[in-house]
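Only a predicted model underlies this, so the values are computations on that prediction, with no experimental measurement involved. Throughout, protein chains are lettered first and strands after them, A, B, ... in sequence-line order, and every chain is numbered starting at 1. What's counted below: heavy atoms across the whole structure, side chains too, no hydrogens, waters or symmetry copies.
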There are 2 protein chains.
Amino acid sequence: MKNNYINSILQGDCIEKLKLIESNSIDLIFADPPYNMQIQGELTRVNGSNFNGVSNESWDKFDSIKAYKDFCRKWLIECQRILKNKNSSIWIIGSYQNIYIIGDLLQELGFWLINDIIWKKSNPTPNFRGTKFTNAQETLLWATPNKKTKYTFNYKTMKNINNGKQMTSIWELPVASGSERLKDIDGNKLHQTQKPEKLLYNIIISSTKKGDTILDPFLGTGTTATISKKLGRNYIGIEQDKKYIHYAEQRIKNQVVIDDDYVNAVLDKKLVRVPFKKLIEEGFIDKNEYIYFNKTEEYAVISDVKELLYNGKHYSIHSLAGILKGLERANGWDYWYVKHNNKYISIDHYRKLYREKYS
Amino acid sequence: MKNNYINSILQGDCIEKLKLIESNSIDLIFADPPYNMQIQGELTRVNGSNFNGVSNESWDKFDSIKAYKDFCRKWLIECQRILKNKNSSIWIIGSYQNIYIIGDLLQELGFWLINDIIWKKSNPTPNFRGTKFTNAQETLLWATPNKKTKYTFNYKTMKNINNGKQMTSIWELPVASGSERLKDIDGNKLHQTQKPEKLLYNIIISSTKKGDTILDPFLGTGTTATISKKLGRNYIGIEQDKKYIHYAEQRIKNQVVIDDDYVNAVLDKKLVRVPFKKLIEEGFIDKNEYIYFNKTEEYAVISDVKELLYNGKHYSIHSLAGILKGLERANGWDYWYVKHNNKYISIDHYRKLYREKYS
DNA sequence: CATTGATATGAATCCTACG
DNA sequence: ACGTAGGATTCATATCAAT
């Protein structure tokens with residue numbers, strides 16, 4: 001195990017604690033930093049009662065945009081350091097008050113944006129005074145620590161969750177409320193900005209593998225850690241406020257681990273690569289046999305130099321299929337057939353048989 | 001008329017031409033700046049044909065993020081200068097490749113964000129390779145040139161357009177296609193990033209008044225100018241490419257001007273302010289008459305010091321209504337009734353009569 | 001128990017003309 | 001510039017009480 005702090009919460013200053021984490025050791029970071037909102041006075045609802053927002057929260061006070069940006073630069077540099085070099089990514093959530101500052105900073109620091117995801121709130125707080133359009137979303141930036149870093153994306157899993165359609169960059173979800181919302185002993189909301197579990201579910205299921213380590217530098221009441229545990233991932237949390245840590249630890253402890261096809265990204269499991277040559281070696285297809293393009297009479301001959309011989313030249317199944325289709329590229333497995341017992345048999349059929357034999 | 005260039009298109013470099021515009025003279029700017037697209041090589045559709053993205057356009061090559069930011073700083077500073085001091089705003093559209101750079105810059109330059117609007121494309125270009133979430137939106141930043149500048153927002157008009165509900169920051173619209181999409185003489189799309197007319201309609205209807213002047217520093221094929229004319233606003237356009245200007249001028253010329261309640265923001269016309277005292281002066285309500293709270297037997301007496309006398313103290317209709325409701329603020333016009341001919345009559349009814357008399 | 005209605009609440013840069 | 005008072009303004013959803 002690479003990291004000493006795995007599955008624990010570090011209490012203290014975010015940047016200080018990040019410095020303790022080993023370089024090149026984290027698979028995913030989810031960060032929900034303070035939003036630097038400039039709250040003026042008190043805001044009353046239309047019925048005259050008071051709106052209890054994030055005003056007077058000491059953790060969201062910065063002297064200037066520059067002070068906020070300097071703070072973010074520090075923790076982002078640490079994040080960039082601790083993320084794995086070969087395969088990792090970071091998610092950061094914010095709203096219009098801070099997300100442009102952070103997005104610019106990410107690009108300045110050499111992070112590479114993959115997507116900006118819009119969390120469309122199905123039940124946003126309305127604009128009580130009619131002064132502007134109702135602010136109905138928060139924005140998530142998804143990035144790799146640099147341009148060349150690969151990242152996990154369980155594409156087919158997300159497509160399946162999304163009823164068979166490609167999942168888009170706009171996610172409609174309600175805000176955390178009701179029984180999901182943590183309450184303190186007086187029955188008031190424990191934390192002003194608790195994130196919905198479904199949001200973390202989407203993030204973790206889409207961009208990590210089972211067993212990965214997920215770090216949250218602003219853990220709060222522990223949604224990230226709880227859902228990480230639930231989905232068979234490891235977590236590391238950093239949080240300043242002991243009260244929140246107390247609740248988070250209880251919450252994580254009570255969380256049951258689930259284990260299903262989504263958790264395991266079964267749909268995104270890579271199939272064994274089968275070089276066409278293997279089908280010949282295994283005897284599914286014979287050397288010097290004819291291979292027919294797209295069930296037509298157009299054929300090539302199976303050879304052992306680049307596999308196909310056509311008009312005196314040697315090709316791979318993919319390059320020759322491309323040439324015959326008149327396209328820049330083609331997937332040869334979709335086009336070639338052999339004639340066995342006087343019937344066209346797709347070479348992809350034999351690939352399936354090969355995979356069944358060796359799995 | 002303040003501006004010499006009103007209802008014309010300036011051909012040339014954006015920053016150079018912006019410098020010709022008088023300070024403090026523009027009501028609204030809409031900017032669709034070139035995107036800093038960082039497509040690596042050519043994007044290929046799954047069927048092998050080439051996808052005609054924007055990567056090959058010559059205006060879209062910037063050496064680095066820094067060069068792009070410097071370019072944007074220059075034109076944004078000019079925009080800040082030419083916008084009216086008292087009542088104006090700017091809209092900028094972009095996608096994740098450039099909008100974070102621009103949003104950060106706006107805040108650095110002292111612009112004040114009002115909203116970030118998500119244009120959710122109902123028909124986005126799918127992600128052909130399945131490598132990330134389908135990028136389904138573009139982002140519009142709406143800002144004033146500085147924190148203290150007021151801005152036009154036709155709240156009720158937009159609420160009405162949105163079926164009686166507050167309009168939110170997420171607008172679902174299709175991309176410009178079909179007959180709306182301008183074609184060149186070969187039948188290919190004339191401009192890579194032509195914006196849908198409904199997008200400009202929303203922007204202009206929501207944040208300008210009839211007769212305002214709207215400037216577009218990257219006019220392209222003239223959607224902004226065309227819709228400005230259509231809605232009874234003036235336009236100024238700047239565009240480098242003579243070919244686009246040619247098409248834009250034809251398009252503007254052919255545009256018919258419409259004139260309806262939305263164009264005139266009839267719903268957002270300010271009603272005459274009526275001090276409660278006026279109802280007494282006009283004889284709708286008598287001095288020393290009883291005024292009843294919320295149709296209950298709780299009453300105050302009409303006096304001429306702050307209008308209401310209750311338990312020996314003087315109040316305004318608003319402050320006493322607030323106190324009796326136990327709220328910090330209340331709209332007195334909604335709560336007070338007088339008893340005329342033994343029937344409760346709302347004071348708001350008399351305010352309506354007063355307004356009818358003096359309008 | 002099912003249905004209806006009242007009440008509470010969510011990351012919010014949430015008023016403005018007049019004197 | 002600043003204080004004061006007139007007056008305009010809310011949507012979806014969960015919970016809980018009442019019927």
Describe the nucleic acid contact of Lys147(B) in one word from base, sugar-phosphate, nothing, applying a heavy-atom distance below 4.0 Å. nothing
May I ask you to say what Asn135(A) touches in the nucleic acid, namely base, sugar-phosphate or nothing, with a heavy-atom cut-off under 4.0 Å? sugar-phosphate
Counting any heavy atom closer than 4.0 Å, what does Tyr96(A) reach on the DNA or RNA strands: base, sugar-phosphate only, or nothing? base
Base, sugar-phosphate, or nothing for Leu113(B), non-hydrogen atoms under 4.0 angstrom? base
NA contact type, Lys159(B), heavy-atom cut-off 4.0 Å: base, sugar-phosphate, or nothing? sugar-phosphate
Whether the side chain of Lys270(B) and the base of dA8(D) hold a donor-acceptor pair under 3.5 Å is what I'd like checked. no
Taking atom types as they are modelled, is there a donor-acceptor pair under 3.5 Å from the base of dG10(C) to the side chain of Arg45(A)? yes
Under 4.0 angstrom, heavy atoms only, what part of the nucleic acid is Pro124(A) near: base, sugar-phosphate, or nothing? base
Is the NZ or CZ atom of Lys339(B) positioned over Tyr292(B)'s six-membered ring, under 6.0 angstrom from the centre and within 45° of the axis? yes
What's Thr193(A) touching, base or sugar-phosphate or nothing? Going by heavy atoms closer than 4.0 Å. base
May I ask you to decide whether Lys357(B) forms a salt bridge with Glu282(B), counting only side-chain N to carboxylate O separations under 4.0 Å? yes
Which is true for Gln166(B) with a 4.0 Å heavy-atom rule: it touches a base, it touches only sugar-phosphate, or it touches nothing? sugar-phosphate
What is the nucleic acid contact for Pro33(A), judged by heavy atoms within less than 4.0 Å: base, sugar-phosphate only, or nothing? base
